[in-house]
Amino acid sequence: MQAILIGFMGSGKTTVGRLLAQKLATEHADLDDLIIQRAGQPITSIFAKHGETYFRQLEHQTLEQAMTVPGILSTGGGTPTIAVNAKLLMSSSVPVIWLAANDQTILRRVQHDASRPLVNELDENVLLALKQQRNRQYAAAADLIIPTDRLTPVEIVRQIKTWLSTAQRVLQG
Ligand code: S3P
């Protein structure tokens, strides 16, 4: 992996990940899509039929495998909040980038999307409390934090590319 994107649901991980991969001429993988392929069913039905614990097991196995493949990986919003995943992310040398967004931005993006079981289940205040609670876990896993509210995907990708090339220069001495 060249970079791993983390952040709450609706923070733009998939959009930015795709664009970043395109600009770096590399592959993009979306962890949720890999889980869907592996399970042969959508995330909502994995949660409904097997529960969140089963989903998290699948998510962990899929993350482990995805991290061995080159390219850009967009994770799910809960991925770095699970201890085994956090450990994996923190012990890897792949840069982890947190796309941070404020509450209004997130609500606007996820409100009318029925594909996220946690958005369907939780009322707005509980969802925002979960977001607040996760911030510290995102911060612990991240090597770079980008506050994205005022940025377009193109601007976010530009910032990531600049940071990645500087980080690479520092690593190479
Ligand atoms: C989840 C986020 C989702 C997906 C699942 C659980 C979470 O991914 O993995 O619904 O716990 O925040 P996105 O962040 O891509 O929506």
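Ligands are counted one by one from 1 in listed order, and the atoms in each one are counted from 1 as well.
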For the pair Ser74 (side chain) and Leu5 (backbone), establish whether a donor and an acceptor sit closer than 3.5 Å, ignoring hydrogens and angles.
no

Please confirm whether Glu52 approaches ligand 1 to less than 4.0 Å, judged on its heavy atoms.
no

Ligand 1-proximal atoms of Arg109, by part, heavy-atom distance under 4.0 Å:
neither

Around atom 9 (O) of ligand 1, find the nearest protein heavy atom and jot down its residue, atom name and distance.
Asp32 OD1, 2.7 Å

Output yes when Arg158 and Glu155 qualify as a salt bridge under the 4.0 Å nitrogen-oxygen rule, no when they do not.
no

Atoms of ligand 1, numbered as shown, that sit under 4.0 Å from any heavy atom of Pro117:
10 (O)

Location of contacts on Thr79 toward ligand 1, heavy atoms closer than 4.0 Å:
neither

Using the six-membered ring wherever Trp is involved, compare the ring planes of Phe8 and Tyr138 and label them parallel, tilted or perpendicular (cut-offs 30° and 60°).
perpendicular

For atom 16 (O) of ligand 1, what is the nearest protein heavy atom, given as residue, atom name and distance?
Arg116 NE, 2.6 Å

Testing the basics here: between Ala100 and Ile145, what is the closest heavy-atom pair and its distance to 0.1 Å?
CB-CG2, 4.2 Å

Compare every heavy atom of Val16 with every heavy atom of Val157, then report the nearest pair and how far apart it is.
CG2-O, 3.8 Å

In the protein, what heavy atom is nearest to atom 12 (O) of ligand 1, and what distance, to one decimal place, separates them?
Arg134 NH1, 2.7 Å

Neighbour count >12 (heavy atoms, 6.0 Å) for atom CD, Gln111:
yes

Given Gly76, Pro80, Gly78, which has its nearest heavy atom closest to atom 7 (C) of ligand 1?
Gly78

Main chain of Thr79, side chain of Asn85: is a donor-acceptor contact present, judged purely on distance under 3.5 Å?
yes

Within 4.0 Å of some non-hydrogen atom of Leu118, the atoms of ligand 1 are 7 (C), 11 (O)

Heavy atom of Arg56 under 4.0 Å from ligand 1?
yes

